[in-house]
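Computed from a prediction, not measured in an experiment: that's the story for all the values here.
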Amino acid sequence: MWEEGVSHVAFHRIFVVDFAGLGLGEASDANRFQSVGADTLGHVAVSWPGQLKLPTLQQLGLGNIRIDHPVAGVEPVDHPLGFYGRLHMAAQGNRRPTGLREMWDYTGEIRTENVFTTLTAAGYPVTLAGPFLSYLATQTPASRYQVGSNQASFRILYERLNDPASGLTYISLPEMRFAGEHQDLMGFGTALTAADHYLEQVVHDMGANDLLIVTATHAADPTFGLTPTREYLPLLVYSPSRANGFALGIRRTLADVGATILENYGVAATSAGHSLLNEITVASRILCK
């Protein structure tokens, strides 16, 4: 079924990499969640011996997100490869699965739906890899993989990069979250720098009509005893077919990620967030002129 719609989609394949635990500084409602002063990326960078090096994320625009509060070693670049912004969680709760559900669940015309089942019902393959099968176990039509390391998650993603089929691949990286919960600053930095290296291969191997979304479903500042911490979350969007990116601003909900995917494949009339698709495609055409 999905082959019939491939020519109508903006991006043939979408890959979402969830850097779970990676926060970018206290959110505007941090005081409600005992998170005033939280800054996962900043605290990891300060504690790292020498300068924290994240060249792939930096080139995608991670430093440009924090242009008003630069991180040593992850400074802004003049021409970021990706579109960049921050996500603010809309949910009133702040448990670890809260952001995951917000990103992927939405209210359909009749009942609550989620992006994964909507895509598979439309005939698009969906692959999910992460350490949390309690939620993903309900996504029975999808291909699901339980993993315990960042490397294992990326291994699934590499396999999908070699598969020409259109559809969605979502991987969650578990090691930063584990380090944050155990207040392990060095472990967090080690996992983050390794993940940046793995991500470099993804960027290199992507096809012209692929879309990469790098984000996080929650933050886990290792300097806080209570996690998740309420922080802004990264949003980096990249495709080899697009020109250099620009700022996407602060998005009001993680559901913007799910909305973007739904619009790309044209499979849902309603969604919980606001799609980024028009901003990416229209702006790219303007920049290319």
Side-chain angles (χ1 to χ4, degrees), residues 14-24 27-30 32-33 35 38 40 85-122 124 126-147 153 167-174 176-178 180-181 213-220 226-235 237 250-265 267-276:
I14 298 180
F15 305 102
V16 179
V17 182
D18 180 359
F19 276 66
L22 183 59
L24 301 181
S28 57
D29 56 354
R32 296 182 51 238
F33 300 94
S35 297
T40 302
R86 288 183 285 180
L87 297 175
H88 186 289
M89 192 178 298
Q92 297 305 302
N94 199 46
R95 298 174 61 247
R96 185 154 46 83
T98 303
L100 182 67
R101 293 181 180 276
E102 180 172 306
M103 185 172 289
W104 301 113
D105 288 353
Y106 69 98
T107 303
E109 295 181 356
I110 301 176
R111 60 184 182 274
T112 299
E113 306 280 0
N114 72 69
V115 176
F116 304 139
T117 55
T118 299
L119 286 177
T120 53
Y124 290 93
V126 172
T127 298
L128 310 173
F132 41 76
L133 282 189
S134 58
Y135 175 73
L136 296 185
T138 62
Q139 319 306 322
T140 51
S143 297
R144 294 162 291 143
Y145 300 87
Q146 185 169 8
V147 299
S153 287
L168 170 67
T169 299
Y170 165 74
I171 68 168
S172 178
L173 308 181
M176 280 81 73
R177 187 256 291 182
F178 293 157
E181 292 175 349
I213 301 176
V214 175
T215 186
T217 48
H218 70 277
L226 178 68
T227 61
T229 41
R230 191 76 162 197
E231 302 180 49
Y232 289 109
L233 302 167
L235 177 64
V237 183
I250 299 176
R251 317 300 298 198
R252 296 182 179 181
T253 172
L254 278 63
D256 286 8
V257 173
T260 301
I261 294 166
L262 290 174
E263 184 181 12
N264 181 75
Y265 293 112
V267 293
T270 62
S271 63
H274 296 280
S275 172
L276 301 161

Q) If you draw a 6.0 Å radius around CZ in R252, do more than 12 non-hydrogen atoms from other residues or ligands fall strictly inside? A) no
Q. Does E102 reach the main-chain N or O of A90 with its side chain, forming a donor-acceptor pair under 3.5 Å?
A. yes
Q) Between T118 and A268, what is the shortest heavy-atom contact and its length? A) CG2-CB, 4.4 Å
Q | S28-H88 side chain donor-acceptor pair, cut-off 3.5 Å | A | yes
Q.
Is there a side-chain contact between R32 and N94 in this structure, where contact means two heavy atoms from C-beta onward sitting under 4.5 Å apart?
A. no
Q: Using a 4.5 Å cut-off on heavy atoms from C-beta on, say whether the side chain of R95 contacts that of H218.
A: no
Q: Verify side-chain contact (heavy atoms from CB on, under 4.5 Å) between I14 and N264, making sure each step is shown before the conclusion.
A: CA-CA 9 Å; I14 298 180; N264 181 75; 3.7 Å; yes
Q. Can you check whether S275's main-chain N or O pairs, donor with acceptor, with T260's side chain at less than 3.5 Å?
A. no
Q) Hey, is the main chain of Y106 close enough, under 3.5 Å, to the side chain of N114 for a donor-acceptor pair? A) no
Q: Compare every heavy atom of L254 with every heavy atom of M89, then report the nearest pair and how far apart it is.
A: CA-CD1, 3.5 Å
**Q.** Test item: side-chain donor near acceptor, E231 and T40, under 3.5 Å
**A.** yes
Q: Show your working on side-chain contact (heavy atoms from CB on, under 4.5 Å) between Y124 and L168 and close with a plain yes or no.
A: CA-CA 8 Å; Y124 290 93; L168 170 67; over 6 Å; no
Q) Between T227 (side chain) and T229 (backbone), is there a donor-acceptor pair under 3.5 Å? A) no
Q. Between F116 and Y170, how do the two ring planes meet: parallel, tilted or perpendicular, split at 30° and 60°?
A. tilted
Q. What closest approach, in Å, do G273 and T253 show between heavy atoms, and which atom pair accounts for it?
A. CA-CG2, 4.1 Å
(Q) So W104 and V16, do their side chains get closer than 4.5 Å, heavy atoms only? (A) yes
(Q) Can you confirm whether Y265 sits close enough to L119 that some side-chain heavy atom of one is under 4.5 Å from a side-chain heavy atom of the other? (A) yes
Q | Approximate separation, where rounding is to 0.5 Å, of I213 CD1 and L276 CG | A | 7.0 Å
Q. Can you check whether V115 reaches L262 side chain to side chain, under 4.5 Å on heavy atoms?
A. yes
Q. Taking side chain as C-beta onward, heavy atoms only, is L235 less than 4.5 Å from D256?
A. no
Q: Enter the distance from R96:CZ to R101:CZ here, rounded to the nearest 0.5 Å.
A: 12.0 Å
Q. Would a distance-only check, ignoring hydrogens and angles, find a side-chain to backbone donor-acceptor pair under 3.5 Å from R230 to A38?
A. no
Q: Would you name the heavy atoms of A129 and S153 that are closest together and state the gap between them?
A: O-OG, 4.5 Å
Q.
As an exercise, state the distance from OG of S172 to CG of L100, rounded to the nearest 0.5 Å.
A. 7.5 Å
Q: Give, for atom CZ of R251 and atom CZ of R86, the distance between the pair rounded to the nearest 0.5 Å.
A: 13.0 Å
Q.
Could you report the tightest heavy-atom contact between A255 and A272, atom names first, then the distance?
A. CB-CB, 3.8 Å
Q.
Just by distance, no angles: are the side chains of Y145 and T127 close enough, under 3.5 Å, to form a donor-acceptor pair?
A. no
Q.
Taking the side chain as everything from C-beta on, heavy atoms only, tell me whether L87 gets closer than 4.5 Å to Y232.
A. no
Q.
Tell me which one of V17, L22, D18 satisfies side chain to side chain contact (heavy atoms under 4.5 Å, CB included) with L173.
A. V17
Q. Hey, does I261 have a side-chain heavy atom less than 4.5 Å from the side chain of V267?
A. no
